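In this text, all values refer to a predicted model and were calculated from it rather than measured experimentally. We name chains A, B, ... by the order of the sequence lines, and we start the count at 1 in each one. These values consider heavy atoms only, across backbone and side chains, with no hydrogens, waters or symmetry-generated copies.
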Amino acid sequence: MSERRKPYPFDQLEPKWQTRWDERRLFHAPNPGDPGFDPARPKYYVLDMFPYPSGAGLHVGHPEGYTATDIVARYQRLRGCNVLHPMGWDAFGLPAEQYAIRTGQHPEITTRANIASFKKQLKRIGFSYDWEREVSTADPDFFRWTQWIFLQIYHSWFNPATQRAEPIASYTGDDPASVRLAYVAEVPVNWCPELGTVLANEEVIDGRSEVGGFPVVRRPMRQWMLRITAFAERLIDELEPLDWPAGIKLLQRNWIGKSEGAEVQFALPEHDTSLTVFTTRPDTLYGATYMVLAPENPLVDRLTTMEQRAAVAEYKAEISAKSDLERTDLAKDKSGVFTGACAINPANNERIPIWIADYVLMGYGTGAIMGVPAHDERDLEFARQFGLTILDVVQPPGGETPTGYTGDGIAINSPLIDGLPTPEAKEHITAWLEERGLGRRTINYKLRDWLFSRQRYWGEPFPIIWRDGKHEAIAESELPLVPPPLHDFKPTGTGEPPLARAKDWVRYSDKATRELNTMPQWAGSCWYYLRFCDPGNRDRFVGQEAERYWMGEGGVDLYVGGTEHAVLHLLYARFWHKVLFDLGHLSTGEPFQRLVNQGIILGEDGRKMSKRWGNVIDPLDVISGYGADAFRCYEMFMGPLEQMKPWSMTGVEGVSRFLARVWRLVMEENQAGEWVLSNSVAEAEPTRAQLKVIHATIKKVGEDIDALSFNTAIAQMMIFVNAFTNVEVRPLAALRTLLVLLNPFAPHLSSELWETLGRQFPIAPPEIIDQSWPEYREEFLVEDEVEIALQVNGKVRDRVMVATSALTEELEKVALSNHRVLEFLQGKQVKKIVVIQKKLVNVVTAP
RNA sequence: GCCAGGGUGGCGAAAUUGGCAGACGCGCCAGACUUAGGAUCUGGUGGAGCAAUCCUUAGGGGUUCGAGUCCCCUCCCUGGUACCA
């Protein structure tokens, strides 16, 4: 089979320009103080979510976001900005380690090979990254600072008075370990036996591990935690002004899950203590006819009566045997047992029974609730199942039967607050409880502290040692703390991390041993964007001047990546950023000013791309068939960046044809079949009509890039090309303008044509990259005449050209003298005439 | 369940504040140039109808001179979430 003839020689010119860009270091952005740095230019930081370099290589989803940021980066450079556009590798992570377990190959080797192949592919697409800033999270020069930041967190506490992280020295209490932002706690964790590690809540999906899909069980273990909950309020508040998609903000807000309510104490007559619950509906206190404790609540054993002891023990055993998956699966029917104990409802002094049930979670609120069956679906189901009292205390606005009504209404059967609408009832009863020391208003969050340790090999070791059962930080001078070489990466199965196998490494001194856990994969990605500002710095995680320059004024100006990181990565990174900001290391409180999520690219069959369906598109195949420029432009022409959309090979062909038409605007084939500069290119004045297209295109492409609406920008350039395709004389100035506008999208093609034009016509500068973005002139966009629609009763009956300046009365006259309009007005009476200048005239008749 | 986003030609999609629906591309049809066309160029292309004309932005209702756009109801798709008191 003969090879399809290339529409233009992209296979020669693309490698040529990629090499030249590398040699000229064109995309290297000097830092303040470096040679070549121009302080007069504004900065622009455009960032991609860096990839995990998997063995599978790049798929078409990666370059979608990368192309978008590359267009913005190249555009901002042409507009005179100092552009920071870096790329790096999220190189620690489970897949390389799982591969090492299977093959014995060290993760470092696998990772290095994968990085090399990723980088080669990215370069082949022609991205304008500053490769001199490349970082890898698994590189000791990088992770020494990840460990350093951990130490900053470890040495800090959250001062509730200032609402800021402060050095632990400012803590005046007697137990610093209890307030550190990094602490060790025995907590019920998500233990994944298959992976041999604990996982964060965020890494568990439907009771299975996000990586690998293995079952996960609950089990108490001593783990490192980061006190992210202290920042819950700020993580919500400071989200507000950011230029992020509203949906992502909402996702984060929901994840943090703030709810306002009250803590209420219920006296326990048989014991000298009381039981505290959290409720968002203190106004329903009179309706609390029973209480429920989580089965794991430590109070359960104290409260349970002799008679109920056996039943409670049996229920607890049953629950703890269940995995999370089963526990949620079986959520249809409520289960639980009576403890035999009773509490006193503080509102009406009624004795109410205390139960335990697994629908109450130990990890939220106080691990105990008051059951208000009349106004809570779950409580109602539970009460009906076990025959507990149901008492209506809120009257819905409509006045229908209140049982099961969960909305706001009017308090009833509640002597203290009868007749009050819900909001006031809440206020009133809470104040009443506060006066008596029986309760107080509180805020609860769904967000839990971040479980930060993993029992894995391929991650950052903690810069921590243990002496006499207590943890201590190692000195900063001992960083980086590099993982010991191992041959056996398998999980031990006991929960003891694989690092335990490196006996020499573990022994720190006669009396001290090293922490054996490693950090989760999120650690490196929490701050990599800061390292990009100053990747070679040996003395600090980022130089102050570089940080102030690149991260100043809102931080990262544009951050593009997938929605899968909407809560986890973005929340964790914001948290670390705030700690470092509070400690005075950073100049802004939020890292990412503008965030955009690219949509998923589906296979041609409309299904998710997967080996299983055989619908996977390999970027390199597309590039070898159509060129990198066509690949880039197609990815952007498919549709809106944020939208999910299917791949289409014929669509690639269409975009490729467009680029070939651009090529032939400038080039033609001679007798020998060689491409030479076209005879129709000349230093001629564009016509008035051509000027209009040129300036309309300048305007639209610029505005569309700002709005990340790349598909419509390309459509406009297609209109431009169509307008110049069949003309005898192609004015040089018009072509030059087009090439600059096209450059961010198709950098190789535009560079080549620019250079070719420059050989024949003296163009300064000789390379397009040193050219500046053109400005449009409004005067070329205005028309003397416009076409307006003439409507009768909202239906278009004719279109006519009128002077742009035509006034309302003139337009009315035009409409009423138009024979098509008159035809439809026959026998009818004109009731009114609506005139929209430059748009339409609508003649409305009486019915 | 709940929350968010979305349904526009045969297909991917356009459409400032409500103001000519379908830009641009794919596909298809016709023509030109050709020994040839899976190259290139030109024209056409939402549906029905010979036509005048009528219908058309998931479906139904409403507001308006005028609705893809605003309001109400219903259906379908995608993503998130799941006993969070």
Side-chain angles (χ1 to χ4, degrees), chain A residues 4-5 7 205-206 245-251 253-255 257-259 261 277-281 284 288 292 294 327-328 331-332 334 357-361 363-372 375-379 381-382 406 444-448 563-564 566-567 597 599-600 602 604 606 633-634 637-640 642-655 657-658 660-661 664 703 709 711-719 721-722 725-726 787-799 823 831-845:
Chain A
R4 195 173 47 86
R5 202 171 154 280
I205 294 162
D206 291 335
I248 301 298
K249 287 191 192 178
L250 190 68
L251 230 50
R253 239 179 280 124
N254 289 347
W255 190 266
K258 178 180 180 173
S259 54
V277 301
F278 173 73
T279 177
T280 55
R281 293 297 299 272
T284 62
V292 187
R327 220 163 136 165
T328 45
K332 314 261 184 301
K334 291 274 181 289
D358 70 345
Y359 84 92
V360 174
L361 309 173
Y364 184 78
T366 61
I369 61 153
M370 62 182 204
V372 184
H375 305 290
D376 181 283
E377 279 178 46
R378 297 149 303 177
D379 294 345
E381 201 187 324
F382 188 78
T406 57
N444 244 298
Y445 301 92
K446 281 203 282 188
L447 184 70
R448 319 283 169 82
T563 338
E564 67 272 21
V567 278
N597 295 117
I600 294 169
L602 304 171
E604 298 216 50
C633 289
Y634 174 66
F637 188 63
M638 289 172 81
E642 307 191 43
Q643 189 171 303
M644 182 188 293
K645 44 210 177 286
W647 188 268
S648 154
M649 223 55 213
T650 54
V652 179
E653 220 150 322
V655 171
R657 275 206 281 268
F658 158 67
R661 283 158 69 103
R664 290 195 308 269
E703 287 173 355
S709 176
N711 54 334
T712 51
I714 293 172
Q716 179 63 36
M717 288 189 279
M718 286 172 168
I719 292 172
V721 171
N722 291 344
T725 290
N726 233 23
E787 190 185 61
I788 62 161
L790 301 182
Q791 302 181 332
V792 177
N793 292 325
K795 289 208 162 96
V796 181
R797 296 305 178 184
D798 204 1
R799 298 166 215 275
E823 222 171 278
K831 196 172 99 187
K832 89 192 233 192
I833 302 175
V834 181
V835 177
I836 309 294
Q837 279 178 25
K838 289 187 258 186
K839 296 272 186 195
L840 56 78
V841 180
N842 185 15
V843 183
V844 185
T845 62

Which part of the nucleic acid does [X] contact within heavy-atom distance under 4.0 Å: base, sugar-phosphate only, or nothing?
{"X": "K249(A)", "result": "nothing"}
{"X": "I719(A)", "result": "sugar-phosphate"}
{"X": "N726(A)", "result": "sugar-phosphate"}
{"X": "G654(A)", "result": "sugar-phosphate"}
{"X": "S648(A)", "result": "nothing"}
{"X": "L251(A)", "result": "sugar-phosphate"}
{"X": "N444(A)", "result": "nothing"}
{"X": "E377(A)", "result": "nothing"}
{"X": "T563(A)", "result": "nothing"}

Exercise for the section: State whether the side chain of D379(A) and the backbone N or O of V372(A) hold a donor-acceptor pair below 3.5 Å, judged by distance alone. Expected result: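 Pair found, side chain donor or acceptor close to backbone of V372(A).
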Exercise for the section: Report yes or no: does K258(A) contribute a side-chain atom to a donor-acceptor pair with the main-chain N or O of R253(A) at less than 3.5 Å? Expected result: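 No, because the side chain of K258(A) does not come within donor-acceptor range (under 3.5 Å) of the backbone of R253(A).
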Practice task
Kindly assign one of parallel, tilted or perpendicular to the pair F382(A) and Y359(A), based on the angle between their ring planes and the thresholds 30° and 60°.
Solution key: tilted
Is the distance from OP1 or OP2 of [N] to the nearest side-chain N or O of [X] less than 4.0 Å?
{"X": "Q791(A)", "N": "G66(B)", "result": "no"}
{"X": "R664(A)", "N": "A39(B)", "result": "no"}
{"X": "K645(A)", "N": "G12(B)", "result": "no"}
{"X": "N842(A)", "N": "G19(B)", "result": "no"}
{"X": "R797(A)", "N": "A52(B)", "result": "no"}
{"X": "N722(A)", "N": "A23(B)", "result": "no"}
{"X": "R253(A)", "N": "C3(B)", "result": "no"}
{"X": "T712(A)", "N": "A13(B)", "result": "no"}

Handout entry: Chi-based syn or anti call at G9(B), which uses purine or pyrimidine torsion atoms and a 90° bound
Key =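 This nucleotide is in syn.
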Practice task
With P as the reference atom in both, quote the distance from G10(B) to U56(B) in angstrom, rounded to an integer.
Solution key: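 Per the computed distance, 15 Å lies between those P atoms.
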[X] side-chain proximity, nearest of [options]:
{"X": "K795(A)", "options": "A85(B), C26(B), C55(B)", "value": "C55(B)"}
{"X": "M718(A)", "options": "A85(B), G25(B), C65(B)", "value": "G25(B)"}
{"X": "D358(A)", "options": "C83(B), C24(B), C41(B)", "value": "C83(B)"}
{"X": "T280(A)", "options": "A85(B), U42(B), A14(B)", "value": "A85(B)"}
{"X": "Q643(A)", "options": "A13(B), C3(B), C26(B)", "value": "A13(B)"}
{"X": "V834(A)", "options": "G25(B), A85(B), C65(B)", "value": "C65(B)"}

Handout entry: K831(A) (side chain) and C65(B) (base): donor-acceptor pair under 3.5 Å
Key =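 Between C65(B) and K831(A), which were checked side chain against base, a qualifying N/O pair under 3.5 Å is absent.
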Problem - Partner set under salt bridge (Lys or Arg N to Asp or Glu O under 4.0 Å) for E604(A), not counting sequence neighbours - result: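 For E604(A), no residue satisfies salt bridge (Lys or Arg N to Asp or Glu O under 4.0 Å) once neighbours in sequence are set aside.
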